[in-house]
Amino acid sequence: MSSSRPHRIKRSRLKGALLRPLGHRYWGAEQSDSEVILLGGAGKAVPFSEMAGPASLSKTLGFSTITLPLRDGTAIKIAGLDRERASRSSAR
């Protein structure tokens with residue numbers, strides 16, 4: 001078992017104020033050795049076994065967005081992240 005701290009990334013409050021009314025409820029994510037924990041809304045833990053592939057980085061409304069593709073054909077998006085930190089996180 002690894003004793004490393006989970007990697008956490010989150011968006012700023014200003015970006016949250018702009019994106020929350022548009023339905024982007026997740027404001028961050030925390031990655032552990034076995035899952036990604038979505039922060040915001042009701043929160044949600046997504047085990048790596050439920051993911052269809054690696055996370056990808058794109059733009060949503062001009063904001064950097066990490067997309068987590070799921071095995072059921074859906075995807076979870078976390079918008080408004082700092083581009084540099086998001087690119088490091090999606091490459092993990």
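Worth knowing before you read on, the calculation uses all heavy atoms, side chains too, and leaves out hydrogens, waters and symmetry mates.
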Subject >> Close side-chain approach of S64 and L57, heavy atoms under 4.5 Å >> reply: yes

Original post:
Using links of under 4.5 Å between side-chain heavy atoms of ILVMFWY residues, direct or through other members, which residues join L19 in one cluster?
Top reply: L18, L22, L61, F63

**OP:** Measure across G28 and I78 and return the closest heavy-atom pair with its distance rounded to 0.1 Å.
**Re:** N-CG2, 3.9 Å

**OP:** Please examine the side chains of L81 and T65, heavy atoms only from C-beta on, and report whether any two atoms are closer than 4.5 Å.
**Re:** no

**OP:** For the residue pair R11 and H24, establish whether any side-chain heavy-atom pair is separated by less than 4.5 Å.
**Re:** yes

Original post:
So do T67 and K77 actually touch side chain to side chain, heavy atoms under 4.5 Å?
Top reply: yes

**OP:** Report the hydrophobic cluster partners of W27, with the cluster defined as I, L, V, M, F, W, Y residues connected by side-chain heavy atoms closer than 4.5 angstrom, directly or transitively.
**Re:** I37, L39

**OP:** Could you tell me which non-hydrogen atom of P69 sits nearest to which non-hydrogen atom of A55, and how far apart they are?
**Re:** CD-CA, 4.4 Å

**OP:** Please round to the nearest 0.5 Å and tell me the distance separating atom NZ of K44 and atom CZ of R25.
**Re:** 8.0 Å

Subject >> Check ion pair E50-R71 (N to O, under 4.0 angstrom) >> reply: no

**OP:** State, yes or no, whether a side-chain contact exists between K10 and Y26 at a heavy-atom distance under 4.5 Å.
**Re:** no

Original post:
Taking C-beta and beyond as the side chain, do V36 and L68 meet within less than 4.5 Å on heavy atoms?
Top reply: yes

